[in-house]
Structure formats: C-alpha cells, structure tokens
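Have a look at the structure below, then the notes.
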Protein chains: 2
Amino acid sequence: MAGVDQSLVADLPMFAGLAPEQVDQLLQEAQSVRYPKGTNVFQQDGDAHSFFILLHGHLRVFKLTPDGQQVVVRFVSPGEVFGVAMAIGRTTYPATAQAVVDSIALVWPSAAWPRLVATHPGLAVNTLQTVGSRLQDAHTRVVEMSTEQVERRIAHAVLRLVRQSGRKVEAGVEIDFPITRQDIAEMTGATMPTVSRVLSAWESQGLVAGGRQRIVIREPHKLFLLAEGLPD
Amino acid sequence: MAGVDQSLVADLPMFAGLAPEQVDQLLQEAQSVRYPKGTNVFQQDGDAHSFFILLHGHLRVFKLTPDGQQVVVRFVSPGEVFGVAMAIGRTTYPATAQAVVDSIALVWPSAAWPRLVATHPGLAVNTLQTVGSRLQDAHTRVVEMSTEQVERRIAHAVLRLVRQSGRKVEAGVEIDFPITRQDIAEMTGATMPTVSRVLSAWESQGLVAGGRQRIVIREPHKLFLLAEGLPD
DNA sequence: CTGCCTGTTTGCCGTGGCGCAACCAAGTCC
DNA sequence: GGACTTGGTTGCGCCACGGCAAACAGGCAG
C-alpha cells in the first residue's frame with residue numbers, strides 16, 4: 001500500500017541477489033504497520049497470517065510453557081525477517097512477538113509467500129540462510145545450557161545482545177533497548193534473583209554498569225574471557 | 001555414479017513436488033557411500049564438501065566443546081537430509097556426524113548445491129521446511145532445559161527417540177539403534193550417573209526395560225504423562 | 001508533590017543433581 | 001575360555017542455584 005522507500009531495505013540480506021525492480025515488486029505487496037510498545041505483533045499458536053521485516057524498534061520473542069513460564073527465544077532488531085512460520089511449514093506461530101519499544105514493520109500476507117518464492121527463488125535461498133543461522137544460534141544455546149554454569153551463560157547472553165544491539169556510549173557499550181533481569185533470566189534458564197546477583201557482582205568489579213532496564217558493558221573483553229571460562 | 005533406485009527416495013520430503021525425471025537427474029549426480037559403524041561421515045569444523053541423504057543406518061550428530069565435552073545435537077534416521085552446511089551459508093560443518101551402526105548415504109558435492117537449487121527451486125523450499133522443523137526442535141529443547149528438571153527432560157528425550165526411531169516389539173516399543181546412557185545424558189544436559197538412576201527408577205516401576213545399549217518403553221503413555229509433569 | 005507500580009537487591013534456607021569413585025556385568029577379542 | 005574393554009549401577013558428600021520473601025528505588029500518573 002504505502003510506498004516504502006527502497007533505500008531502506010534494498011541492502012537487507014533477505015533481498016540479496018535480487019534486482020532493484022524485483023525488490024520494488026515485493027515492497028508493493030507489503031504494508032508498513034506501527035506496533036506501540038507492549039503490543040503483540042503476533043501470538044503463539046495464533047494463525048500465521050503474515051510474515052514481517054522489522055523496520056524500526058525492537059521485539060521480544062518468547063514462548064509460553066503450559067505452566068505459564070516464559071522463555072525468551074530472541075530479540076528482533078531492525079532489518080531482520082521474523083514470523084516466517086509459513087515458510088517453514090507451519091500454520092500457526094510457534095511463539096509470541098512483543099514490541100519492547102514502539103516499532104514499525106513491513107507486513108506481507110503469508111498467503112502470498114508461495115507465489116513470491118515461485119517468482120523470486122532467491123527469497124527461499126535467503127530465508128534458508130536466515131533460518132539456518134538461527135538454527136546455529138539455538139544449538140549454541142543448547143550447548144551452553146548443557147555444559148556451562150549460570151555465570152558463563154549469562155555472560156554469553158549479554159555478549160550476544162551486545163553484538164546484535166550494542167550502542168557505543170562513553171562508558172562502554174550499552175544494549176540499546178530496555179531489558180530487564182527477568183529477560184536475561186528467561187534467556188539463560190536462570191532465575192531472576194540469580195541474574196541480579198551475578199550482575200551485581202560484575203558491577204562491583206567494574207565489569208558492567210546497571211540501571212533500571214539498562215545494561216552498560218564497560219569491559220567487553222574481560223566479559224568475553226569470563227564467558228569463555230578463562231582465568232582473569 | 002552407481003544408479004540409485006528412484007523408488008528408494010522418490011517419496012522423501014526433500015524431493016516433494018519434483019517430477020520423477022527431476023529426481024532422476026538429481027540422483028545421477030549423487031554417489032552412494034558406505035560408512036562402517038564408528039566412522040565419521042563428516043567432522044566438526046571440517047570443510048563442508050558434501051551434503052547427504054541417509055539411506056540406511058543411524059548417525060549420531062554431536063558438538064564438541066573447547067573443553068572436550070560432547071553434546072548430542074540429534075540422531076539421523078534413514079530418509080533424512082543432513083550435512084546441509086553449505087545451504088545455510090556455512091563453509092564448515094558445525095558438528096560431527098558419526099555412524100552408530102553400519103550406514104549408507106547418498107552424497108552430493110556441496111559445490112553442486114547452488115546449481116541444483118537454481119535448476120530445481122523446490123529443493124530450497126523443501127530444505128527450508130526441514131531446517132525449519134529442526135529449528136523448532138532446537139527451541140523446544142531450549143524451553144525444556146530452561147523450565148524442566150532432569151527426569152522430565154529425559155522423558156521428553158526418550159519419547160522423541162521413540163517417535164523418530166521406535167520399533168514395536170512384544171514388550172512395547174524399542175529404540176532401534178544402540179544408544180548409551182551417556183548419549184541420553186548428552187542429549188539432556190544431565191550426567192551419565194543421573195540418567196542411569198532415572199532409568200533404573202523407571203525400570204523398577206515397570207515403565208521401561210533396559211539392557212546394554214538398549215531401551216524398551218513398556219508404558220509409553222505413562223512416560224508421556226511423566227514428561228508433561230502430570231500426576232500419575 | 002505524593003503514591004503506586006514495576007523492577008531490583010539481598011538474605012536465608014533447602015535441595016536437586018553433579019562429581020567422584022568403586023564395583024559390576026556383558027560383549028568381544030585372541 | 002579367559003582377559004580386556006566398554007557400558008552400567010550405586011553410594012556418598014557437597015555446593016551452586018532455586019524458592020521465597022522482605023525491603024528498596026526509579027519513574028510515571030494523577
């Protein structure tokens with residue numbers, strides 16, 4: 001509907017190898033939608049009606065267990081594709097995506113997916129790479145949860161957040177969206193009090209600086225060594 | 001090289017939606033290779049020279065951590081695609097695949113992948129589904145490791161093995177390849193002694209029956225209830 | 001300015017499951 | 001058929017974490 005500016009998205013990995021006209025074609029079928037902070041873009045087990053590219057903001061994707069516990073699957077940053085349930089053969093979303101700040105996304109109807117990939121085979125190839133790298137991440141996480149204890153898991157989680165959404169500030173690198181200790185707990189399979197204790201310990205060593213829904217990493221390299229289990 | 005019989009593989013999900021001639025074409029580029037029990041089909045961090053479809057046997061895919069611990073990623077059953085590192089944009093294998101029994105696989109050179117998907121776009125779509133369902137599995141595993149304690153995790157792991165490779169026998173369902181308690185431990189993030197204790201307890205309740213490298217599930221439904229954390 | 005709400009800190013206690021280790025059993029190799 | 005190897009069992013002590021709960025602090029609304 002709305003004419004979306006090519007220049008915003010042409011360079012995204014999703015469109016790698018496609019001609020500008022092809023990208024235009026695809027964009028013409030998309031809508032740009034606003035999601036205010038706190039709202040859900042889609043819901044676990046809900047009909048997988050659409051797939052998305054995040055233009056602006058940040059999303060928290062989580063799974064809810066039968067007994068009501070949440071597990072954070074990942075955070076979505078601008079430029080990333082998400083909600084590709086249909087492409088991987090599902091009819092419902094496997095998780096919930098929630099805006100942690102006001103966000104904007106491009107939205108395509110899932111129904112269009114088969115036609116789009118038929119017309120632009122590169123889409124399937126690019127999506128395969130995306131899903132593949134998420135598979136890697138998930139496996140990395142499984143390995144970490146199997147072999148590392150809490151402190152190192154938390155260190156790895158924080159470093160991953162830095163890599164993905166780190167913003168340089170005077171004091172170091174800051175994670176550039178609001179994130180709670182509870183979130184970190186749900187990413188690492190720890191409990192909130194435990195995360196709080198670990199971060200407090202790091203803070204007193206000058207490794208990080210805290211704040212309400214804020215984490216600033218002052219010594220990324222030291223944190224890295226800690227994550228790898230190396231001395232000092 | 002060797003003419004592989006269509007009928008063996010034509011119905012695999014990997015080839016869904018392809019015409020028989022196309023499948024023939026693909027098969028002509030593949031070689032059929034034997035992997036004796038205990039040998040590695042490919043090795044973690046090794047050059048991703050090939051991708052595969054397992055025709056016969058069973059593989060154990062695992063990751064090795066820097067400090068030498070193994071984590072089992074999955075077991076491969078006949079008919080499954082594996083080693084698709086190249087397709088997901090890697091140049092090396094992220095894990096090691098090892099034959100747990102004498103096995104046979106179809107082997108394609110990775111270098112052929114780009115050409116094959118260009119000629120048969122359905123391949124990318126089908127692979128996307130495969131990788132997608134593995135991503136789901138991995139996420140399920142993360143959720144389990146985050147929220148469940150060992151006994152339930154082991155129950156889930158065993159049930160997954162049953163679903164994937166269960167063979168009906170008089171006493172119940174048997175996992176139809178040799179699997180050790182150590183393997184189960186490496187699938188669930190537990191230690192071998194703990195797995196042994198849990199299985200012994202189940203055995204004394206008549207839930208399962210053991211044996212060297214053997215597990216027979218006598219009461220799948222009761223095990224399921226246990227896995228879900230339901231009483232009795 | 002004053003509550004209220006949400007997120008954070010901290011303390012204390014209980015325990016699940018790990019580490020270690022000794023012992024045992026079933027194949028298998030010569 | 002005996003020795004060796006590989007996998008399984010079981011006991012014991014310990015400690016990292018979770019559970020719970022109370023107290024605390026930013027930040028927003030009225």
Side-chain angles (χ1 to χ4, degrees), chain A residues 36-38 60 65 67-72 98 100-102 144-155 157-158 175 177-205 208-216 226 229, chain B residues 36-38 60 65 67-72 98 100-102 144-155 157-158 175 177-205 208-216 226 229:
Chain A
K37 170 176 175 172
R60 176 176 172 276
T65 65
D67 59 317
Q69 295 185 73
Q70 297 188 3
V71 175
V72 171
Q98 182 179 55
V100 292
V101 294
D102 289 352
E144 286 173 8
M145 298 192 67
S146 297
T147 62
E148 297 173 1
Q149 43 195 54
V150 211
E151 186 176 31
R152 289 182 55 193
R153 296 209 304 269
I154 295 175
V158 170
I175 293 165
F177 57 86
I179 184 166
T180 68
R181 322 275 140 156
Q182 183 65 38
D183 288 330
I184 309 259
E186 289 169 4
M187 297 177 69
T188 53
T191 58
M192 201 268 268
T194 297
V195 173
S196 179
R197 272 183 262 266
V198 169
L199 288 184
S200 295
W202 289 351
E203 186 148 18
S204 68
Q205 297 171 241
V208 304
R212 190 191 180 74
Q213 303 195 113
R214 279 182 72 241
I215 302 178
V216 180
L226 202 163
Chain B
K37 169 176 177 173
R60 176 176 172 276
T65 64
D67 57 318
Q69 295 186 72
Q70 297 189 1
V71 175
V72 171
Q98 182 180 57
V100 291
V101 294
D102 289 351
E144 287 172 7
M145 298 192 67
S146 297
T147 63
E148 298 173 1
Q149 41 194 57
V150 214
E151 186 175 30
R152 289 182 56 192
R153 296 209 304 269
I154 296 175
V158 170
I175 293 165
F177 57 86
I179 185 166
T180 67
R181 323 274 141 155
Q182 183 65 38
D183 289 328
I184 309 260
E186 289 169 5
M187 298 176 68
T188 54
T191 57
M192 201 271 265
T194 297
V195 172
S196 180
R197 272 183 263 267
V198 169
L199 289 184
S200 295
W202 289 351
E203 185 148 17
S204 68
Q205 296 171 241
V208 304
R212 191 190 179 73
Q213 303 194 115
R214 280 180 72 241
I215 302 179
V216 181
L226 203 163

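Side-chain atoms are counted along with the backbone in the values below, which use heavy atoms only and exclude waters and symmetry mates. All chains are named by letter (A, B, ...) in the order of the sequence lines, taking the proteins before the strands, and each is independently numbered beginning at 1. Since the structure is predicted, the reported quantities are computational estimates derived from the model, not experimental observations.
- Listed for the A/Arg153 side chain is a donor-acceptor partner under 3.5 Å among the backbone atoms of A/Thr188.
- Using a 4.5 Å heavy-atom cutoff, the side chains of B/Val198 and B/Val195 are not in contact.
- Remark: P of C/dG17 and CE of A/Met145 are 13 Å apart, rounded to the nearest angstrom.
- At least one donor-acceptor pair closer than 3.5 Å links the side chain of A/Asp102 to the backbone N or O of A/Lys37.
- The separation between B/Arg152 atom CZ and C/dG16 atom P is 15 Å, rounded to whole Å.
- Regarding A/Lys37, its NZ atom lies at a distance of 11 Å from the C1' atom of D/dG27, rounded to whole Å.
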Report task. Classify every nucleotide of nucleotides 7-21 of chain D by which part a protein heavy atom approaches to under 4.0 Å, writing B for the base, S for the sugar-phosphate alone and - for neither, in 5'-to-3' order. Result -> SBBBBB----SSBB-

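- Between A/Val71 and A/Glu186, every side-chain heavy-atom pair lies at or beyond the 4.5 Å cut-off.
- Closest approach of A/Arg60 and A/Gln70 over heavy atoms only: NH2-OE1, 2.8 Å.
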